[in-house]
Amino acid sequence: MRYYIVAETEWSQHLNRFLSEYELYAPVKNTETESYDYEQITAETIDSIYYNGNTPTTPLKTFYLPIKENVVNIKENQPRIVIGVPNCDLAALNILDNIYLDDDYIDPCYKQNRDNTVIFGKDCYTYKKSCHCTSYSLKPYPQENCDVSMSITDGMIYLCPMSDKGESLLKKHKITDNKSVDTIPETIISKRQDVVNNLQNQNKNLPDEKNTRISIEKSSEELWDKYSDKCVSCGACSFICPTCHCFLLIDKEHFEKVRSVDVCQYPGFARVAAGEDPLHYLNKRFKYRYLCKYCYKPDMFKALACTGCGRCIDACIGKIDKNELILESFK
Amino acid sequence: MQTNNIYKPIKAQLVKVIEESPEIKTLVLVPEEEFSFKTGEFIELTIDGVGEAPFTPSSSPLDTKQLEVTVMKAGYVTDKMHNMQIGEYMGIRGPYGRGYPLEEFYDKEVLILGGGCGFAPLRSLLYNLKAVSDRIRKVTFCYGSKTPADCIYKPYITELRETPKFEVRRSVDKADDTWTERVGVVTVLLDDVKIDVPNSIAVVCGPPIMMKFGTFKLIEMGYPENKIYLSMEKNMSCGLGKCGHCAMGSFFVCKDGPVFTYEEIKNEPNLWI
Ligand code: SF4
Ligand code: SF4
Ligand code: FES
């Protein structure tokens, strides 16, 4: 591993250079709500990038799977760089890539969107109450699936290429001529470890993904009735989940099709023409999402389908806390 | 690996419409580009700008010039399909999924249990079995429908009854004066079937409730779970293992099925819904 060092004071020059070739997206803080989300960055807004957040409100997947996209009449898109991607979103790509880049049927839009995007993963030095990546053996810093990992300490940015795409971007912009080190500085290691410790402490009772699975499988129906009672089937939990991938195809003239995000929490999602609907009842549908995350998808793809980002907990208008449910089932 | 856009249908012209019953029509389509399928695989049939729906073609997979799709009126899109005019174009995507493993049927007696609209995909299987009948010992087709008027493909039944090695047994839930065959749910037909179970393969296709009791009956008759083939109906949409609508536990029915052995899926949730 090689870490190229850029002084924070020089970083905006690099971003400006990136802007001549790429669209640039990075988290920007909303000072009123204290939340942050990806925004398109221009030369004027470079200074508003917020590097120290944890999970941007919107998951990374929206760059690859926009809410609506014509998948037959495909528009070419501009190459882009996404800065500030947390590890929970990077880990989610293991599910999405398996589905959308499946050798038998490669999704042309997803592939184009994925190929055209350079991802800068980042360390999380802060965390939310709902963050629980470490419960599923993920770290709160980039481990895989990004092109460049980015860690900041003491006014210095450490950039580590993690893919050929990342390497060639850094080379092209001469960042690889900068001073570099082959181990990450102690200050970063200890900042990372602090977050790991705090997250483990915050979630010390939360079972890991295997034990979560076991307790969900043997949980009582009353548990699901109790929690689903507060669910209004709005689908926010799935819209915002970095691994949820479902969609609807909408037909347009000239045999074009628009792929539009769909959610298993909506009534009728699984209804067949003859009328049978395995997910007709709210409690079934509600439980299905948990089974999908902790049982079905891990079986299908040998990957985590809940990466612990906590977004579904933050987004639920019924104030349903996924982890509270899991803790209750684990008792 | 595909070269074309996986979401883009090829065009097919509607050349003939066969009225099977007031609710059921068979559309005969001639694809503009080369198109073939294996028995049991399904397609997505599109009405331009309106919508699409999944069907297993009901024609012979050996006929690559045209294909037949039997459509039961079940909602907005299928209603529109019933109103398509000869000469108009529709779209076809596919074929998708895993069909019947015909090689497994060779040198065996094949017992086919069908109900209602399940006859459509089964007819394609029957055509195919007839084409390879020198390699099959015997085919027994048990078919149940609600009433005699709901029995589709009547001319084909006559043809099948005259085909060596093929036997057809039918039942209806509710008979009328013209009915001379069995009355009752389709599984009653199995009571009189003489079959060499250890050297036999069973296929079940129809409404979920019939699939459930059919499967249980076959197990009672001594069929091993891996010799019972079920054709599962789920809410197929993309056909590509992506949209999630057809998920059944850890299977995407569109890609991993729709044909499964009972052994493969017996523990899946909501199997019979
Ligand atoms: S299930 Fe919830 S916590 Fe897990 S990855 Fe999805 S949104 Fe994040
Ligand atoms: S966000 Fe909450 S209320 Fe909305 S569908 Fe998900 S669990 Fe139900
Ligand atoms: S029909 Fe879309 S995943 Fe199976």
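So you know, we letter chains A, B, ... as the sequences are listed, proteins then strands, and number each from 1.
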Tabulate, in ascending numerical order, the residues of residues 77-98 of chain B having at least one heavy atom closer than 4.5 Å to a heavy atom of chain A, or enter 'none'. Tyr89(B), Met90(B), Gly91(B), Arg93(B), Pro95(B), Tyr96(B)
Strictly less than 4.5 Å between heavy atoms, which residues of residues 242-257 of chain B line up against chain A? Please order them by number. Lys242(B), Cys243(B), Gly244(B), His245(B), Ala247(B), Gly249(B), Ser250(B), Phe251(B), Phe252(B), Lys255(B)
Should the heavy atoms of other residues, nucleotides or ligands under 6.0 Å from CG of Asp115(A) be counted, would the total exceed 12?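 It does: Asp115(A) CG has more than 12 such atoms within range.
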Take atom CZ of Phe216(B) as the centre, draw a 6.0 Å sphere, and report whether it contains more than 12 heavy atoms from other residues, nucleotides or ligands. yes
[X] and [Y]: which non-hydrogen atoms are nearest, and at how many Å?
X: Ile99(A); Y: Gly241(B); value: CG2-O, 3.6 Å
X: Pro108(A); Y: Ile6(B); value: CD-CG1, 3.8 Å
X: Asp102(A); Y: Leu240(B); value: OD2-O, 4.5 Å
X: Phe269(A); Y: Asn235(B); value: O-ND2, 2.8 Å

Mind checking what makes ring pair (Phe, Tyr, Trp, His ring centres under 6.0 Å) contact with Tyr38(A), not counting sequence neighbours?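 With neighbours one apart ignored, the set is Phe63(A).
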Got [X] and [Y] here, is their nearest side-chain heavy-atom distance under 4.5 Å?
X: Glu276(A); Y: Asn270(B); result: no
X: Phe247(A); Y: Ser237(B); result: no
X: Ile10(B); Y: Phe255(A); result: no

Between Glu256(A) and Lys8(B), is the closest basic N to carboxylate O distance under 4.0 Å? no
Atom pair [atom1]/[atom2] of [X] and [Y] - distance to nearest 0.5 Å:
X: Tyr7(B); Y: Asn73(A); atom1: OH; atom2: CG; answer: 15.0 Å
X: Lys257(A); Y: Asn5(B); atom1: NZ; atom2: CG; answer: 10.5 Å
X: Asp262(A); Y: Cys238(B); atom1: CG; atom2: SG; answer: 11.5 Å

Against chain A, label Pro269(B) side chain, backbone, both or neither, depending on which of its atoms sit under 4.5 Å from a heavy atom there.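 When you check distances to chain A, only side chain atoms of Pro269(B) fall under 4.5 Å.
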Could you check which of Met236(B), Glu52(B), Glu233(B) has the highest count of heavy-atom pairs closer than 4.5 Å to chain A? Glu52(B)
Which bit of Asn98(A) comes within less than 4.5 Å of chain B, counting heavy atoms only: side chain, backbone, both or neither?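 Neither the backbone nor the side chain of Asn98(A) comes within 4.5 Å of chain B.
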Could you list which of residues 298-310 of chain A have a heavy atom closer than 4.5 Å to any heavy atom of chain B, in residue-number order?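 The stretch touches chain B at Asp299(A), Met300(A), Phe301(A).
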